[in-house]
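Notes for the one structure printed next.
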Amino acid sequence: MAPRHRKRLLLGAVATALHGVVSAQNGNATSAGVKCPGEFKPLSASDFVENMNPGWNLGNTLDAVQDEGDWNNPKVAPRTFDDAQAAGFNGIRLPVTWAYHFETQAPDWTVDPAWLQRVSDVVDMITQRGFHTIVNVHHDSWIWADVTVPDANITAIEDKFYKLWYQIGVKLACKPSTVAFEPINEPPGTTPEHGAQQNRMNEIFLKAINDAGGWNGQRVVTLAGSGMDSVKTSLWFKAPAELGTRWKNPWALQFHYYSPYDFIFSAWGKTTWGSALDQSSLTTDLTLIRANFTTVPLLIGEWAASPVATEPAARWTYFDFFLRTARSLNMSTVLWDNGADFLNRATHDWRDAVALDILRNTVNGVGRRRNALPLATTDPAATNQTSSAYLYHRRRDGNGVGPVTLPFHFNGNSLVSIAYQDFTLKRGNDYTLDPAAETITFENAFLSSFFWNNPIGSLGNVTLHFSGGAHLEVNILAWDTPTLLLPNNSTSIALPKTGDLADVHIPLRWAGQNRPATVKATRADGKFLVDDWTQWLGPLQQGRMTYSGQWDWDAEGVILKKAVVEEVRRAGVETTFRIEFYPRVEGNWVEVSVVS
Ligand SMILES: *[C@@H]1O[C@H](CO)[C@@H](O)[C@H](O)[C@H]1NC(C)=O
Ligand SMILES: *[C@@H]1O[C@H](CO)[C@@H](O)[C@H](O)[C@H]1NC(C)=O
Ligand SMILES: *[C@@H]1O[C@H](CO)[C@@H](O)[C@H](O)[C@H]1NC(C)=O
Ligand SMILES: *[C@@H]1O[C@H](CO)[C@@H](O)[C@H](O)[C@H]1NC(C)=O
Ligand SMILES: *[C@@H]1O[C@H](CO)[C@@H](O)[C@H](O)[C@H]1NC(C)=O
Ligand SMILES: *[C@@H]1O[C@H](CO)[C@@H](O)[C@H](O)[C@H]1NC(C)=O
Ligand SMILES: *[C@@H]1O[C@H](CO)[C@@H](O)[C@H](O)[C@H]1NC(C)=O
Ligand SMILES: *[C@@H]1O[C@H](CO)[C@@H](O)[C@H](O)[C@H]1NC(C)=O
């Protein structure tokens, strides 16, 4: 992301309140410490990390650029934390961007007291509900604290970073031990020197919060390595030398995990997850960082597989495996939720109840019950993708549905019942079960009621209850291939010869699932338009592009992003875009050629 324009700073605004104490940086630690009433119940870092499991991120909210409410979420309401609590979360990570809330510039860098108060109030909303929480400095990492830009003034960045954390430290000095601090989110870094600089930032952060006083000297901190990346942290992170002597803070390490990139971000047609290679890569990643920090409490402060970008059976398999692996390595996890991913903050509904149930059962249920899971394609050489998260019926095949058999991994559980709304399906009549084969067959007696009038789209979800672990859902879905709606039934689009290009909208009438699976872009000369190396991937991935950066969708169709359209002009070759839909089977796509 490129930094956006900074809001004009309020020069000459009141900076006096903190002026004297901020200068304490140049004196010795604790020189201006806040004194707190009451008592502080110290927590070890391992207890803190354990107690906040599982955790949830209030994403895209107080971290929005430039202000709370500026991105896709309104200002946070207390009710949102009730929703997180009801869902079973124990910890809240509270990302905060401070960059646009400074009232003065160097040397004081006074933070707007109203913003400090807002953060303090939100922290109270969280702790009053019994959560453990982590407060951080978030997008500042790339807005002004990026030590990797060529002309970075490291002295100035360090100074501002100290002043900021000193003020946060003063404001939050008397918060209880359930409030931890995190110095900075995903600090950029590509070299060992950047890693060493981040180690210094951890020290400056410790000095600042200790100088601020209050309970901060006993407060848990979750320190960070470059990028909060597991490999760079393993290679370059060094605990501050004076941690344990000069600074007594209990400390954990935080890192983030969004891997494999292609599955998590819907790149290159990777809509499956769970092959032996997928599993061993994930296990290796987490095992290596644990092997580097055998005695340090480890917190995975961000991770996700969002319903926006992933297929349900693959997502549930990923949730189950990732969370079991993290648990087996004694790591706690904090789910990222940008407001469009999991919790619908307006309706208080969780968009994927099964994923949440898997999360609860895996975090709390290790050593007891595995989760049953739908069987789905995981083979990277597959030519189509099956998924027992759906009972798919292709509409053009007519009303005669017939029995449909879906395979599962029961993982040691037995199926107890199947429900549709308030109705419990009758075994033998509505469905049959083959416990040895781990298959469920939905019979015509049940299915025909859904399909008699030739419908399209999701017709209902049945809920599978097992003897242990999470419940599963099967989405009964009638589908057909969407229709291309270009004027005059055209299948091609001509780009303007000159001038700026823009996103190209390809109008579609959806038919079933109102979204694409992926988009393949093949040039008339046989090369792939972008990432030609994908020719070495499996049949479901070759030539496929990346969601969000290269394609997107809305209620009326699919969008080819400007970057891709520009690539067509640059290549100067007619390119066929094949928009592929779920289920990913032969022919379930439409093709549009774009002529430059
Ligand atoms: C401040 O700390 C330094 C070492 O960090 C020490 O040499 C010096 O005596 C201290 N000054 C005061 C006034 O405590
Ligand atoms: C870097 O920042 C420091 C502290 O603000 C300042 O004194 C110094 O002049 C700056 N250096 C450059 C090269 O701008
Ligand atoms: C520490 O992590 C690095 C980077 O992932 C890895 O190469 C190394 O093998 C790990 N160390 C141990 C002891 O596993
Ligand atoms: C998990 O790690 C903590 C330190 O973070 C340690 O106290 C605890 O004993 C570990 N538990 C297991 C089961 O290894
Ligand atoms: C899916 O692919 C498998 C082999 O990969 C093939 O046997 C099967 O017929 C295909 N099914 C459909 C519906 O294309
Ligand atoms: C079935 O569940 C999916 C996923 O939650 C949802 O999008 C769909 O609308 C549901 N179908 C019906 C008919 O409620
Ligand atoms: C559609 O076809 C008609 C008749 O051939 C033509 O006049 C019109 O310009 C075409 N419209 C578009 C948008 O191509
Ligand atoms: C588009 O195709 C449909 C179906 O083939 C046909 O009924 C319709 O007349 C066509 N419209 C135009 C504008 O050519």
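First listed ligand is number 1; within each ligand, the first listed atom is number 1.
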field: From R578 atom CZ to N588 atom CG, the distance as rounded to the nearest 0.5 Å
entry: 10.5 Å
message: Strictly below 4.0 Å, N to O, side chains only: are K527 and D532 in salt-bridge contact?
response: no
Under 3.5 Å: donor-acceptor pair, side chain of Q198, backbone of G189: no
task: Using modelled atom types only, decide if a donor and an acceptor are shared between the side chain of N338 and the backbone of N60 within a distance under 3.5 Å.
output: no
Identity and separation of the nearest protein heavy atom to [atom]:
atom                    : value
atom 5 (O) of ligand 2  : A156 CB, 3.9 Å
atom 12 (C) of ligand 8 : N489 ND2, 3.5 Å
atom 13 (C) of ligand 8 : N488 CA, 3.9 Å

message: If you compare all heavy atoms of D63 against all heavy atoms of H139, which two are closest, and at what distance to 0.1 Å?
response: O-CD2, 3.0 Å
query: Does N153, backbone or side chain, put an N or O under 3.5 Å from an N or O of ligand 2?
result: yes
message: Strictly less than 4.0 Å: does any protein heavy-atom distance to atom 9 (O) of ligand 2 fall in that range?
response: no
Is_contact(atom 2 (O) of ligand 7), protein non-hydrogen, under 4.0 Å: yes
message: Pairing donors with acceptors under 3.5 angstrom, does anything connect the side chains of N199 and E203?
response: no
- line: Here the atoms of ligand 7 under 4.0 Å from any heavy atom belonging to P487 are 13 (C)
